[in-house]
Amino acid sequence: MDLIIEKNYEDMSRRAATIIADEIRKKPNLVMALPTGGTPLGTFEELVRMHREKNLDFSSAISFNIDEYVPLKPDNPQSYYYYMNENLYKKTNIKPENTFVPNVLDKDVEKVCREYENNISRCGGLDFILLGIGNDGHIGFNEPDDELFAYTHLANLSESTIKANSRFFSSPDEVPTQAITMGVGTILKAKKIVLIASGENKAAIVNKFLNSSVVTPQLPASFLLLHRNVTVIIDEAAAALHKKTASKTTHYSF
Ligand code: PGA
């Protein structure tokens, strides 16, 4: 696992966007999975800038949402498809037919999850995934639990996640309590993983994650230790606690 500590949010975002842009230039039909939330907004802004100013071409790229709230329609401003459309898709030349989100309106959840996995496979599998990390250590909506789902599934959001995400809603009661999310196995099958985190409120979980040497479903991000191509990009604020304990930490690149 490689760790990059950038000075601030802007630099973290630029670094993540540069990695994604390089991947797209190397493989124009890159199959990527992208997250939502506050952290990736700067990364998407930078990708849009590169599209406008540096001809970064999304015309063959394929994008899968990592997750979607149940049961929000794609045109609901709180849905994650809407978010992706507003922040990236409609500001680039990605083709709408190359953008995927689990169909959370279909009641046959098992079929929807199976189809989502099949769609990823049909596109050749994920080349790249960008992840955030929740304050509780979740990746996607894989919340800490006694066991984790390997593949795309219906997830119940933890109290901590509902509280964290309520900042995007007028009240915590409005936050959906369920989502369809890629599983930890879906994530680990991506060829390259980049995780981004920013700000002092992520310092504790970032420190816990970077110090972890065991894989436990109680810390879903710890499963990233099993992957051979993970880059963690954080800013100074998110790195604050880790820097104090860094001498105790060993990072393995393999
Ligand atoms: P955030 O969410 O970027 O809004 O902090 C991260 C996450 O929950 O994965």
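The figures that follow rest on heavy atoms only: side chains count, while hydrogens, waters and symmetry mates do not. Start at 1 and go down the list; that is how both ligands and their atoms are numbered.
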Salt bridge between Arg15 and Glu6, side-chain N to carboxylate O under 4.0 Å?
yes
At a 4.0 angstrom heavy-atom cut-off, what protein residues surround ligand 1?
Gly37, Gly38, Thr39, Gly132, Ile133, Gly134, His138, Arg167, Lys202
Hey, mind stepping through Lys192 and Asp127 against salt bridge (Lys or Arg N to Asp or Glu O under 4.0 Å) and telling me if it holds?
CA-CA 6 Å; Lys192 182 178 178 69; Asp127 295 304; over 6 Å; no
Aromatic plane relationship, Phe100 with Phe64 - under 30° parallel, 30 to 60° tilted, over 60° perpendicular
parallel
Tell me, which pairs form a side-chain hydrogen bond (donor to acceptor under 3.5 Å, both in side chains) where one or both residues lie in residues 214-223, sequence neighbours left out?
Asp146-Gln218
Charged N to carboxylate O below 4.0 Å: is that the case for Glu46 and Arg49?
yes
Describe, in one word, how the ring planes of Tyr81 and Tyr89 are oriented to each other, choosing from parallel (under 30°), tilted (30 to 60°) and perpendicular (over 60°).
tilted
